[in-house]
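Structure first, then comments.
Below, read A as the first sequence line, B as the second, and so on, with proteins coming before strands; counting in each chain starts at 1. When reading the values below, keep in mind they use all heavy atoms of this one structure, side chains included, and skip hydrogens, waters and symmetry mates.
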Amino acid sequence: MTMTRRQALGFGAAAAAFAVTGFRALPAMASAEDADKMVMDFTGGKAPESGKIMLNTPEIAENGNTVPVSVEVESAMEGDDLVDSVLILADGNPNPAVATFHFTAMSGSAAATTRIRLAKTQNVIAVAKMKDGSVYMDKKQVKVTIGGCGG
Amino acid sequence: MAKSKPRVKVPKSASAGEVITIKTLISHEMESGQRKDKEGKPIPRQIINKFTCEFNGQPVFSCDLDPAVSANPYFEFNAKVNESGTFKFTWVDDDGSVYETENEITVK
Amino acid sequence: MKINAGKGPLDPFPADRSWEGNHVKKTILMMGAALGLAMAAGVTVLKADPIDAKLEIDGKPMVTRTKAPEGHPFDEVMSGWLFREPETRSLEEDPFENPGMLSVEEGEQIWNTVEGTAGKSCATCHGDASESMKGISAHYPKWDAEAKRPINIELQINKCRKDKMGAEPYAFDKGGQKPLTAYIKNQSLGEPVSIDLSQGDMQAWWDKGKEEYYTRTGQLDLSCASCHEVNMGKMIRADHLSQGQVNGFPTYRLKSGLTSVHNRFRGCIRDTRAEMPKAFSDELMALEVYVTWRGTGLSVETPAVRQ
């Protein structure tokens, strides 16, 4: 079989693309375990429940450098029904830590939006810590696309 | 490092007890510490590490930032206002610089 | 069949390009290869149409689709905004959320700052930019009779700095060049692009730019038209190919922040793995004249937000 240089490159790249997507047991830059540990540090060892917190992320991020994320926690934000803080993590980044939001009764509602960096397709995790000590978690996968040219 | 004044969007007026939305944007590279220069030397981390919003001296919202927050950090959050007063916004840089801005709101 | 795919597939951190930027070669190789494969094998590239939506900025409607001028290869010219994901589009819709506006504000400071031996700022001669610069940049590049070549806003700024202010001209992408250009162009937000080809030798520069546009170049043997005309609207890997319009430059790229048009041209040329012409060279000025004309009728969107 004879191939032109470009065809050879093409097959090489197709193989490369397959290797990248098909081979997951790579040495991860940060592991899901690191993120789990950070969650536990934040909650004081308590396993977070699901519900109450809603994390909003794009399904596909056009560029990993600027990915909008919003979080909202169900709470009256008065009396004893208060959200203390929300931890945001990205479990595939070199360091999973992203940001921690702190709320008060003057926040009116426990909702915040920011823009974050995602090094690759991965889970974004949000954990809410309530004033009464209960903890809630939501997790969303964001697919980070590789651009057509320089990426 | 901030090249322009921080941008803050706060309504000029609100009714007592209203929950308003605040948006903030500041110019900053948020150098992650993960990058290398042309000679292959790591570029040291320099980020905004803390953002706070106070109203009449009381904390409303704050955020601890890690290098995974995008360049030109943007925040959108809410505040419940019961009286007229002043919002004070503060950004703290790794190099110790502090950027501040204030906005008045009239509550009817 | 032995294929040398290079370091790429074994690279343990394939996706960290946005953090480090030193994997450019690998991604270019893969992109070129994927495209090369598609073209060589006659594989149909995934089709994805631009969206059907209206763009308004500050309540001002933007022309994002319009009938192409006579002699244009397309029936309709389309803004790159129509090719982007909803999150990217919404960033441009709200001037508060648009990070490019930080540079526009920086540009405003520069506009009012005295520099050079003549003790002048831009404002000394031109006053309030919102009046004096309104609509101006929609008609650049334009013929400069003195220099006997077309100039863009960047070069117009440098001309003023040198001749009127007694200040050093900005080096490419340095000093206040990008923010000041963004500020001046932002004063024409919404104005339809139209350049005057009847002045001086503009037509000859347009011809030269057109020839460049269709000339295949680089190791990947691609012309501007290969992506932005022939495959416009299709996907190149995960990226949606636009018409490559320049009506939003300097543009805020999620990838790299505020980006000048000549930087973008150079980036595209680099990605074909060709030698990059210098910024403001005859080659790139001719290309800017021609590509600007290809966007005739689109609103100035500076600072647009793109991927």
Sort out for me which of A/Ala99, A/Gly108, A/Ala112, A/Ser107 touches chain B most, counting heavy-atom pairs under 4.5 Å.
A/Ser107
Should the heavy atoms of other residues, nucleotides or ligands under 6.0 Å from CG of A/Asp41 be counted, would the total exceed 12?
yes
Closest approach of A/Val98 to B/Val69 (non-hydrogen atoms, all atoms of both residues)
O-CG2, 3.4 Å
Just verifying a value: how many Å separate B/Glu54 CD and A/Thr104 OG1, rounded to the nearest 0.5 Å?
10.5 Å
Using non-hydrogen atoms only, which part of A/Glu72 is less than 4.5 Å away from chain B: side chain, backbone, both, or neither?
neither
Can you confirm whether B/Thr52 sits close enough to A/His102 that some side-chain heavy atom of one is under 4.5 Å from a side-chain heavy atom of the other?
no
Is there a donor-acceptor pair closer than 3.5 Å between any side-chain N or O of B/Ser70 and the backbone N or O of A/Arg115?
yes
Using heavy-atom distances under 4.5 Å, tell me whether B/Leu25 contacts chain A through its side chain, its backbone, both, or neither.
side chain
Report which part of A/Val86 has an atom under 4.5 Å of a heavy atom belonging to chain B: side chain, backbone, both, or neither.
neither
Which residues in residues 74-86 of chain B have a heavy atom less than 4.5 Å from any heavy atom of chain A?
B/Tyr74, B/Phe75, B/Glu76, B/Phe77, B/Asn78, B/Ala79, B/Lys80
Chain A interface, residue from B/Ile20, B/Thr24, B/Val60, B/Asn72 that has the most non-hydrogen pairs under 4.5 Å
B/Val60
